[in-house]
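Notes to accompany the following structure.
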Amino acid sequence: MFSSLRNRLWLSYALIITSALLMTMLILFLYLLRSPLAYRNTLVELEAARNLLLSSEPGLSASEGMELDDLLRRYDRAFGLRFLVVGEGRQVLADSRAGQAVPIKSPKQFWLLASGSGLRDEIGQIWLFSSTPLADGRILVVLTPRPRLALLAILRNDLLRPFLYAGALSLLLSLFMAFALSRWISTPLQNLITASKRMPEAVSLSLQGPREVQELTRAYNDMTTRLARTQQAQREFVANVSHELKTPITSIQGFAQALQDGTAETPEERQQAAGIIQGEADRMNRMVLTLLDLTRIDSGTLDLQLVPVDLPALLETVREKFEPLAHAATVALEMDLQSVPAVRGDGDRLAQVFNNLVDNALKFTPPGGKVTLRVKPGDDDVLAAVEDTGCGISEDALPHIFERFYQVDTARSGGNHHGVGLGLSIVKEILHAQGGKITVQTQPGQGSTFCVSLPVYRSSANTTVSKRSK
Ligand code: ADP
């Protein structure tokens with residue numbers, strides 16, 4: 001019953017109000033108990049008796065001893081009050097109840113406390129008193145035991161009713177406040193629940209309610225935007241993969257058919273058909289392997305062994321590998337390697353990065369051009385660059401070249417080496433996963449430079465990475 005926000009708010013209000021009222025009632029009650037106001041009648045009585053004695057007995061100042069005792073006893077009998085005369089030395093000189101009542105504990109208090117206060121006798125009983133100085137320096141004190149107040153009666157007659165009214169009124173008010181407050185908080189929450197149930201349909205919610213709820217709504221809106229983007233990317237990804245697989249599959253089917261039905265008659269034709277089938281199968285294989293790598297990076301399961309890597313040596317191996325290809329394309333493959341500290345990275349994956357970059361550079365550089373591999377130390381890292389004198393990348397294409405399946409001009413990258421637009425995206429992801437970065441500078445018609453920055457190896461750093469560090 002009290003699981004809803006509204007009921008809980010109301011219950012807490014009711015509890016707070018009730019306890020506040022009870023506390024106030026208690027404090028008021030205690031205050032009344034100690035306050036002279038509660039004994040006003042008694043004090044008036046004490047003062048009247050004292051004044052009557054003073055006015056009717058002008059010789060009081062001069063009397064002492066037996067005479068004084070008799071006088072005080074007489075008035076005690078007449079008024080039922082205790083009379084004392086206290087000397088300047090703070091000692092009781094005469095007491096109307098000497099020998100009958102317990103002596104007052106410390107008579108000097110009569111000088112310290114104001115009339116109307118309470119004072120204890122030797123057994124702890126409290127007396128209310130009213131005192132006045134006499135002409136000779138002594139003081140006259142009239143006392144009576146502090147009357148017992150009818151506590152329950154005060155509570156019932158004087159306090160309970162106003163407190164009950166205040167309580168009822170406050171509870172009513174709290175009901176309204178709880179209702180308004182809970183609506184303020186729960187409406188945006190309820191909207192969130194409804195919108196969450198309608199997922200994956202993305203609904204953007206307006207910011208309402210308290211700051212925390214607004215922050216939650218903002219986080220929800222961001223989440224749905226990201227989700228929509230991911231869904232869109234997934235749809236495009238599947239469409240791209242299907243599209244990229246369609247061409248080689250059609251080609252393989254066509255040539256396999258030609259081999260089967262004898263359309264490819266001569267040994268040369270059959271050789272050519274088999275070569276094309278193998279080339280397309282290789283292309284599909286490369287694509288599937290790259291996609292697997294990307295999936296592993298996305299899911300955080302790509303294991304990287306981060307060890308010290310000698311980057312110049314690695315680039316030398318890459319150069320050796322591509323030398324025949326460069327030679328065939330009449331493109332000069334040059335090196336400019338400075339001495340640098342070892343970088344932190346996975347050797348095989350870094351080789352994959354530079355293979356892709358050099359492969360692209362050779363692919364897009366016309367005969368007679370030049371591709372240069374450079375390495376130099378950075379501030380806190382090592383910088384490597386693959387520079388070519390090729391066609392460059394247009395301003396429009398530049399922001400997209402690291403996107404999956406993006407190709408600037410598919411017609412340009414024909415032949416056996418044509419890609420599917422995954423090369424640079426895997427390069428970027430692999431570098432990010434090991435704390436590296438890639439940037440590109442290009443001048444259309446003049447060439448491009450892909451700059452890679454890699455962290456210097458430090459022995460204390462963690463050497464196994466299986467999550468994306470993006
Ligand atoms: P692909 O595997 O098809 O080459 P990439 O992801 O490696 O795809 O490259 C994406 C696009 O970037 C390519 O289509 C190409 O047009 C452009 N590109 C990449 N490297 C270079 C380069 N060195 N010079 C000019 N264009 C390049």
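When a ligand or atom number is given, it counts from 1 through the structure's own listing order.
Using a non-hydrogen distance threshold of 4.0 Å, Ser448 registers as a contact of ligand 1. The shortest heavy-atom distance from Phe402 to ligand 1 is not under 4.0 Å. Heavy atoms of Gly447 stay at 4.0 angstrom or farther from ligand 1.
For ligand 1, the atoms closer than 4.0 angstrom to any heavy atom of Gln407 are 3 (O), 14 (O). Heavy-atom contacts of Gly392 reach the following atoms of ligand 1: 25 (C) (cutoff under 4.0 Å). Every atom of ligand 1 is numbered from 1 in the order shown, and the set under 4.0 Å from a heavy atom of Tyr406 is 10 (C), 11 (C). Heavy-atom proximity to Gly421, at under 4.0 Å, picks out these atoms of ligand 1: 1 (P), 2 (O), 3 (O), 6 (O), 8 (O).
Residue Asp388 touches ligand 1 through its side chain alone, judged by heavy-atom distances below 4.0 Å.
Side-chain atoms of Val386 and Thr449, non-hydrogen and from C-beta on, never get closer than 4.5 Å to each other.
The stretch residues 315-333 participates, sequence neighbours left out, in these salt bridge (charged side-chain N to carboxylate O under 4.0 Å, His left out) pairs: Glu316-Arg319, Arg319-Glu323. Applying the side chain to side chain donor-acceptor pair (under 3.5 Å) definition to pairs two or more places apart or across chains, those involving residues 170-193 are Arg6-Ser182.
By the 3.5 Å distance cut-off applied to N or O atoms, Ser425 is not counted among the residues near ligand 1. Remark: ligand 1 and Phe364 share no N or O pair separated by less than 3.5 Å (distance only, no angle test). Distances between N or O atoms of Leu424 and those of ligand 1 include at least one value under 3.5 Å. Residue contacts with ligand 1: Ile393 is placed with no nitrogen or oxygen under 3.5 Å of a nitrogen or oxygen of the ligand (distance criterion only).
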Verify side chain to side chain contact (heavy atoms under 4.5 Å, CB included) between Gln208 and Gln214, making sure each step is shown before the conclusion. CA-CA 6 Å; Gln208 293 173 350; Gln214 287 194 17; 5.7 Å; no

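In summary, Arg404 and Asp298 engage in a salt bridge, as defined by a charged side-chain N under 4.0 Å from a carboxylate O. Using a 4.0 Å cut-off between charged nitrogen and carboxylate oxygen, Arg349 and Asp293 count as a salt-bridge pair.
For Arg235, the CZ atom is densely surrounded, since the number of other residues' heavy atoms within 6.0 Å is greater than 12.
Aromatic ring pairs are classed by plane angle as parallel below 30°, tilted from 30° to 60° and perpendicular above 60°; the pair Phe402 and Phe450 is perpendicular.
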